[in-house]
Every structure is written in C-alpha cells, then in structure tokens.
Amino acid sequence: MASAATEVDVIIVGAGFSGMYMLHRLRGLGMSARVLEAGKTVGGTWYWNRYPGARVDIQSLEYSFSFSPELEQEWQWSERYAPQAELLRYAEHVADRFDLRSDMQFETRVTAAHWDDADQRWRVTTDTGTAFRARFCIMATGCLSVPTNVDFAGIGDYQGKIYRTSQWPHEGVDFTGQHVGIIGTGSSAIQSIPIIAEQAATLTVFQRTPNYSMPAHNGPIPEDAVAAWRANREAFRAQSRGTPGGFWNEASERLALETPPEERVAEYERRWQVGGFRILSAFADVPVDNAANATVAEFVAGKIREIVKDPAVADLLTPKDHPFGTKRPCVDTGYYATYNRSHVRLVDLRATPIETFTAAGIRTSGEDFAFDAVVLATGFDAMTGALDRIDIRGKGGVAMKDRWAHGPRTYLGLMVAGFPNLFTITGPGSPSVLTNMMSSIEQHVDWISDCLAHIASHQQASIEASAEAEAAWVDHVNEVAAMTLLPQANSWYMGANVPGKPRQFLPYAGGLDVYREHCAGIAARGYEGFELRSAAG
Ligand code: FAD
Ligand code: N01
C-alpha cells in the first residue's frame, strides 16, 4: 500500500554529480530536500558504467567539482584521465565529506511527478511506494543514463552471456580464454575493446559506423602540473569557465583554409601528440566549414592508415559518412593498434548486417559466429530518455511526453512552459553534452540555486518558463546548430540512434561561455522570459 506523502521543499531525482551538488546548494539555502536515486549509491554515470577501460575523456583536474577549494586541495587524481573506479570513489568521498547521504534515498526509482495546481506542489511517486509532496522538483536524471532498447532478432535464444557496457556487473567480468563479440564502436566500445582483447581468446567487433578517435596519452599527472594547479586553482577554473567547452582546450582563431598545408598538418600533429580533444580546437573553421573539416578528417585517416597494418581494415575504420567532430569523438588507449592483433577481427555490418542472434552467437548475412559472451556497447537514449520514462505532468495534467512528441522544447534547457517549479539540470537545449559536463552541471546548479533564493526573497510561489521565451529559445538552439556541421551526422546528438525519436539537435551548440553570460543576464533582468507568481496567483 502506498504510504502517506512526505513533504519537503525540493525533490531531486538522481544522485549523480548533478543531484549531489544540487542537494549541497539547497542545504546552503536552508531548504529541505530529498534525493531519490534508482542506483545503490551516488555517482550516476560512474556507478553504472563499469565496463573495462571506462574513464573520462576530459582531464580529471577539470572534470571535477570546483565549488569547494578545500575539496580540490585534498583530492588527488592518480591519472590525467581517471578511471571509473576512481571517479566512483570521488563521488563517494564528496557524499561523505558533505554528509549528503542523510537526505538521499537509494534503490528508489521515480515513476511519476504530477503538478497539483490547487496546492502548487509536485506529487512525486516511486517504485517503492514512497511518495512526496514538494514545491520544487529538480530532474538530475542524466543525459546518458538510459541505455537504448536494442531489439536484435533471436536475442532471447542466445545461450551465452550478454553484457551491456552501461549496466556492467559490479564484480567485473573475466573474459580469459573466451570467444567474445562486441556490438558498437562508440566511446564505450572504443575504451573497452583494447582491454577485452587483452583477455579474450578471440574478439570480434561488429561495426556499423566507424568513429573518429584520438589517443589519450594517459598517464600519471606530472607533480609540477599538480603543484601549479593547486597554487593557481582559481585562475585555472576561471579560465575553464570562460571557454565554450567548459575546459581549456587551446582554442585558436586561425582558419585551416588560410593556413599553408604543411603548417596545418604540423599543428594537427602537435595536438595529436598532446592527445585527447586538443585537435578539435586547432582551427576555428573546422566545426563550421566542410572543406576545413576535411583537412582534419584526412589527417586522422592518415593516422589510422599509419597505425593499422591491414589497409582494408584501416579503410573500414575510417569514418566517411560524417564530418570530424559531428559525432562525439572518442579518446582511446591503443584502440586502432588493437586491430593489428591476430585474434581481433572487425566485421562490417554495412556489408553484412546482423540477421539474428542464434543459440551459439550471432548470424550476419555473411557468416555464423559462436561466442561465449556478447558485449552490447550500443549507446543511450540521450538527453530525453530518462525524462521520457517518468510520467511527468504539468498544468492541466499535460504530459511532458506529449508536449515533446515532436522533440523536446525548453527554455535554456532549464524549464518547460506549463511545468512550473520543475527544473532540468543539463536538460535538452543547454550546452551539456557538448562540454565538460562538470562545468555545465555547476553552472546549472548555481543558476537554479540563485533562482530559488530569488523566489524566496521575493515571496513568490512559483516560476515557469513563458511559452514565448521557450519558443524563441528552441528557434535559437536550432539556428545555432544549423550554423555548424553538427546536424550533418546521424548522431545521438540528433536523436538518430533511437528508432522513431524525432530528429532535432538536442544540446545547445553556442558554447558554455556564451550561454553562461546569457543565463546570468536573464537572471539579472529579473528572470526575463520566466513568469513568477505569488501564492495568490
Ligand atoms: P548521471 O551521472 O547520469 O546521474 C543520473 C542519475 O539519475 C543516475 O544515477 C540514474 O540512476 C538516476 N535516475 C535517472 N532516472 C531516475 C529515476 N526515474 N528515478 C531515480 N533515479 C533516476 N562527461 C564529460 O564531461 N566528460 C567525460 O569524460 C564523460 N565520460 C562519460 C563516460 C560515460 C561512460 C558516460 C555514459 C558518460 C560520460 N560523460 C562524460 C557524461 C556524464 O554522464 C556526465 O559527465 C555526468 O556524470 C552526468 O552527471 P549527472 O548527475 O547529470 O547524470
Ligand atoms: O554509445 P554510442 P557509447 N546494430 O551511441 C552502435 C559518452 N561516453 O555508449 O553509430 C549495430 O556512441 C552504434 O552504431 P551507429 C560520450 O558522450 C564517454 O559508446 O549508430 N550497431 C555505435 O557504434 C559518448 O558519445 C566516454 O551506426 C549498433 C554504438 O553502437 C556517449 O557517452 C565513454 C546498433 C553506440 O555508440 C555514448 O557512448 C563512454 C545496432 N542495432 C561514453 N545500435 C568517454 O570516453 C547501436 N549500435 C569519456
């Protein structure tokens, strides 16, 4: 039987980095809050994604909270790109240090959130039967927290083991001596393939679309770099905040098409040697001009040809259907070189598609494969997936899913017209997944906190995005995306990886620096585009 609803000021859904920091800030405002989380502990992404090789692709010194200088001084990252276990330890440490768990409820999935216009409260229900009434509801449900439903024919008949990268067993998996297949060549696959190949007797990679990947050149962070960071952390953080990506990436104003070819290649080479995303910001015209973009695409293709010994395999691994950077590029350790190993095989699903799973393994149009285990690295229902799975109803009982039937509509990625007092952290229409997510999370949480403080100090009862402001923002998000090459790819940014999902560029491509200023201006002008109402209406 459902229990009586517990009353709190704010319900936060999700205990990843967004939900954790949101709770911390709400405590500072003196508001009561409860975090509801489906997983068993904090960490979100880093709790669920435990596949071999899982680690960040933004350097850890920047992919970490900046809100507490003390936290920063006491935490030491072991590597430039921290692995999943360390990120989870970090999340646990933050939870303990700021005593967050006492207001968190784990193994609790929120199933519905309904706005009650009469008493101006959200009614939140969960799969455990616990229910809540809250003035505010904050969705910290994650952009990449719901795996896609891949529905391969015959998958139920398969007798071997199936593992999803995003729901990896906590005890780990030992592939030693096994024949393993992996479907997908996105970031999760590209990180795990080299490590699975170390263990497995054979590894067969089923590729539908090749991705661009850059070397991480991972390793310990040099001590002098850590010392410099500690001594100047505020300046480093300010520098990151002033960038479009929320991390410092040596952005250049130079144009690829106006740079002599040898100089251009030398610049790509220098940045390739630094590793990670550095090559992305080599020239300002690469994200917006196909000819400029082709210069970096050809450079990376050359790298693939250099590393992969079999020219046919190198060719298969070379992206041809999307400009560089229009699908999230990957950062790897030894990915391309793994294909030089004799027990690793690449299968081109464009030439020979998967027809069905069988009891023994996978049948493509060309061949039958037998596997002890198959890994699904098939991605996420990004940005809207977690919200779609909650029955969210706003004013007049309107379902968010229906409002968003033709694609998500938000104001700033923060609020939705008709859904008062409901915020989305890194929601669709915000820079989010195009940035260092830690920077975007902190910016959103800080903005929401300031907004709630404003509401309290002005004795307001509710805030809601106006339909006009929302429509203008949606247009702006689309216009900005159209100025770039980003919509040219069939990417999850476009919703293209989920059958039936409306095609719309989901994040805001205008840059976190520009967006941050925009959000600050809106707040300074009395929350322009938002309707604030007192209890009397
Ligand atoms: P999440 O960490 O996704 O947390 C959301 C939480 O909400 C989850 O724990 C989920 O269980 C919970 N939840 C969702 N729905 C419900 C519900 N109905 N009821 C209860 N609980 C619910 N970003 C970067 O910037 N750099 C990186 O290097 C990077 N690496 C990544 C690697 C992987 C493998 C993945 C999948 C993503 C990566 N990201 C990266 C993006 C990453 O998701 C963010 O960096 C960040 O961790 C998001 O934090 P969050 O709290 O917003 O969301
Ligand atoms: O998922 P993806 P991901 N049959 O969607 C293929 C973050 N992240 O989990 O491209 C055959 O990128 C699909 O093929 P195609 C990061 O933001 C970061 O790897 O659709 N194949 C693709 O190859 C990232 O972008 C890190 O043709 C199918 C793959 O599966 C995001 O999370 C690490 C298929 C899915 O790739 C998602 O990454 C991990 C089918 N039916 C994740 N369905 C870091 O490095 C899908 N595919 C920090």
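In listed order, ligands and their atoms are each counted from 1.
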Inset, instruction - Could you verify whether a donor N or O on one side chain and an acceptor N or O on the other, from E62 and S240, lie under 3.5 Å apart? - result: yes
Inset, instruction - Indicate whether any N or O donor in one side chain lies under 3.5 Å from an N or O acceptor in the other, for T108 and T126. - result: no
Legend entry - Identity and distance of the protein heavy atom lying nearest atom 21 (N) of ligand 1: A38 N, 3.1 Å
Inset, instruction - Can you establish whether the number of heavy atoms outside D99 located under 6.0 Å from its atom CG is more than 12? - result: yes
Legend entry - Nearest-contact summary for atom 23 (O) of ligand 2 - protein heavy atom, Å: T185 N, 2.9 Å
Legend entry - Option from T111, D381, T141 for which side-chain hydrogen bond (donor to acceptor under 3.5 Å, both in side chains) with R389 holds: D381
Legend entry - N/O separation below 3.5 Å, R328 to ligand 2: yes
Inset, instruction - Say whether V56, considering both its backbone and side-chain N or O atoms, lies within less than 3.5 Å of an N or O atom on ligand 2. - result: no
Inset, instruction - Tell me which protein heavy atom sits closest to atom 2 (O) of ligand 1, plus the residue, atom name and distance to 0.1 Å. - result: T45 N, 2.8 Å
Inset, instruction - Could you tell me whether the side chain of T6 reaches within less than 4.5 Å of the side chain of T130, counting heavy atoms only? - result: no
Legend entry - Side-chain touch L280/N249, heavy atoms, less than 4.5 angstrom: yes
Legend entry - Distance filter under 4.0 Å to I390 heavy atoms, resulting ligand 1 atoms: 18 (N)
Legend entry - Which residue and heavy atom of the protein sit nearest atom 12 (C) of ligand 1, plus the separation: E37 OE1, 3.3 Å
Legend entry - Polar atom proximity, N497 to ligand 2 (N or O, under 3.5 Å): no
